[in-house]
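So the structure is just underneath, and the comments pick up after that.
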There are 2 protein chains.
Amino acid sequence: MVTLKQLAKELGVSISTVSKALNNSEEIGEETVKRVKQLAEQYNYTPNKVALSLKQSKTKTIGVIIPNILNRFLAKVLFGIEREANKHGYNIITCISNESLEKEKEALKLLANGSVDGFVLSVAEETQVNNEIAHFKNTINQGLPIVMFDRVAHDVMCDKVIVDDFDATYNATKSLLNENRIRIAFISDINGLSVGKLRERGYNKAMLESRCEPLVLAVKKKDDHQKKIKAFFKKNRNIDGVIAADSSSGIIALNTAINMGLKVPKDVSVIAFASKSDSYHTLPKLTTIRQHAKIIGAQAAQMLIRRLQNPSVIEDVKTKIVKTSLVKNKSTL
Amino acid sequence: MVTLKQLAKELGVSISTVSKALNNSEEIGEETVKRVKQLAEQYNYTPNKVALSLKQSKTKTIGVIIPNILNRFLAKVLFGIEREANKHGYNIITCISNESLEKEKEALKLLANGSVDGFVLSVAEETQVNNEIAHFKNTINQGLPIVMFDRVAHDVMCDKVIVDDFDATYNATKSLLNENRIRIAFISDINGLSVGKLRERGYNKAMLESRCEPLVLAVKKKDDHQKKIKAFFKKNRNIDGVIAADSSSGIIALNTAINMGLKVPKDVSVIAFASKSDSYHTLPKLTTIRQHAKIIGAQAAQMLIRRLQNPSVIEDVKTKIVKTSLVKNKSTL
DNA sequence: ATGAAAGCGCTAACAA
DNA sequence: TTGTTAGCGCTTTCAT
């Protein structure tokens, strides 16, 4: 890498002259500016990012902590964050907590040493279960703002971007009830998460309002989803609707129903939290609750960057709700 | 953030004493070391990463450029890279090229300004189509090593980690031929990629060896996969086997076959490049070609880190092949 | 219009 | 055993 020093030497001027010339300072003579820029161009000079960061004590880098990159929703949010960050000249440095509290703490600590200007993160499962929040508060107190998305810690004062999980399942369940379904099951493999609980509650509310009895299957990560769901269907022969809190459960439920000789949507309707491409993984195509992951990511990044660029203004923390949409396909009437 | 300066001041010693004490230098008195460490602990001191990077002209950060984070395979590789990097004290800074040559160039340039010590990347589709490699060569000439994985540019001299794509489909096709299938189709939505082509060639070779006529369906990203595949099945009624170059095509092919009243695997066998969790998205469970994405990521990271840590040794570039495995499930005989 | 110098936080060679 | 100093690459204030 070429440095200002080398350019200065070759041009026979001082370092500061070169710096000013490249930054279009008024102080420098037209002729000099031209010479400097030309040589810089020739040598393909770019300012050293690290030196810049040190000097200006900001890195233009956002730390992103994701619980699980294999989760399609989270991957999509990451995509949204990256794109938005890039648009504003920020890079992202990614850590994967793997749903572990310990790794989350580590990542936070590791990056809070000057590597990043702030964080966008979704809380790890273990963290939510143990309700740990000290590490978040610490980080914020160190002057590093955090924006949480999807899985948030409500007791931490920071900006948040969430989904209307409760309303989403409430409305989805309602829509099945309107199809005159009465034995609607709720299947979820994210029962430990805040969002999983909200989704279940929305479902419950709708069911109880219509005097239908809730019927819930909580699948665990280590279970064989297919077996569990098949057994569940066998035990509850009269199921005529399914609300799935995650895409896998939804896809498997639909395919299992068909495998058991049921007609979808004639005998059973299925709705799942899932993405567009997931909906192609079943025949008939799956009716989905879309979370607009990319928008969530973009919003979160935006909130963080705003805060970074107006550090003086002590804004109140905000919580944005990105509404889901129910996209009807052929797995419902 | 506390700095050495502040600690030094409070302790009434010089900055270098503090630095040495914290780095367990032999030079410093036992008593002093204790005092320094205690105060550092109390103030939760961590060395400023940026200053360290500047001083040592290495960042302990790896730049990762991924064409598409929503691709499950690539996401999994990213996971492997991150974990391996972390193990060796490296962070990763992620850019998503979104299959665009321009973004790939940009990312490379942006991070080559001192932000990272080297790159792990998979080549964007557009880059492969246009066969552009100058930006890679530039980066390497600047002294930043690159390790490519999966989609590699063969004409660039650098370490590579690839999959035995050709053999994988050759063997998979053979295994269907051994089931006495004779009308085996190849379905792919990655026809533009180097790996897609290799997969097709492996299939072709096996078919021709058995004097069977190849039958290929190339789906485009923007197509409605379900429609395309259904039409394909209708046009070629006698298909008795499918090799899919990507998981989506495989899942959709299997589900479509069932939807059309065919029995899987009795009438049609299906094999696809896909992950374990994908195999649960069909009933019967999908027979898959596994790429061991995490291992690929870990290997790539390892190769880069090795090179970074032995900069003097000019090793020859290496290409590692991570073998796929054919995991038989219920979609084949 | 140009340059010298200080300083961001850290390490390390050298001096005391 | 401890401190001084230089320097990593850059910006910026203050001379000149």
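We name chains A, B, ... by the order of the sequence lines, and we start the count at 1 in each one.
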### Query
Reckon B:Asn23 has a side-chain N or O less than 4.0 Å from the OP1 or OP2 of C:dT11?
yes
### Summary
Of B:Val33 and A:Thr46, the one whose nearest nucleotide on DNA chain D sits closer to the 5' end is B:Val33
### Sugar-phosphate only, base, or nothing, as touched by B:Val50 at under 4.0 Å among non-hydrogen atoms
nothing
### Salt bridge flag under 4.0 Å for residues A:Lys109 and A:Glu106
no
### Query
With a 3.5 Å cut-off and just heavy-atom distances, do the side chain of B:Ser16 and the base of D:dT4 make a donor-acceptor pair?
yes
### Query
Would you say A:Tyr45 reaches D:dG9's phosphate, i.e. side-chain N/O to OP1/OP2 under 4.0 Å?
no
### Task
Would you classify B:Ser53 as touching base, sugar-phosphate or nothing, given that sugar-phosphate means primed atoms plus P, OP1 and OP2, and contacts are heavy atoms under 4.0 Å?
nothing
### Query
Got a sec: does the CD of B:Gln38 have more than 12 other heavy atoms crowding it under 6.0 Å?
no
### Query
Among D:dC10, D:dG7, D:dG9, which nucleotide sits nearest the side chain of A:Pro47?
D:dC10
### Task
Compare side-chain N and O positions of A:Ser14 against OP1 and OP2 of C:dT2 and report whether any pair is under 4.0 Å apart.
no
### Shortest side-chain distance from B:Leu4, nucleotide among C:dG3, C:dT11, C:dG9
C:dT11
### Message
Looking only at the side chain of A:Ile15 (C-beta and beyond, no hydrogens), which of the listed nucleotides C:dG9, C:dT2, D:dT11 gets closest?
### Response
D:dT11
### Message
Under 4.0 Å, heavy atoms only, any strand: does A:Ser19 hit a base, just the sugar-phosphate, or nothing?
### Response
base
#### Entry: Contact under 4.0 Å: A:Lys5 side-chain N or O vs D:dC8 OP1/OP2
yes
### Query
In this structure, which one of B:Thr61, B:Ile305, B:Ile81 forms a side chain to side chain contact (heavy atoms under 4.5 Å, CB included) with B:Tyr90?
B:Ile305
### Query
NZ of B:Lys294 to CD of B:Glu84: how many Å apart, nearest 0.5 Å?
13.0 Å
### Message
From CG of A:Leu54 over to P of D:dC10, roughly how many Å is that when rounded to an integer?
### Response
12 Å
### Task
Look at all strands and tell whether B:Lys20 reaches a base, only sugar-phosphate, or nothing, counting heavy atoms closer than 4.0 Å.
base
### Message
Using the side-chain heavy atoms of B:Glu27, tell me which of these nucleotides is nearest: D:dG3, D:dT11, D:dG9.
### Response
D:dG3
#### Entry: Sidechain N-carboxylate O distance under 4.0 Å for B:Glu82, A:Lys103
yes
### Query
With a non-hydrogen cut-off below 4.0 angstrom, is B:Leu52 in contact with a base, only sugar-phosphate, or nothing?
sugar-phosphate
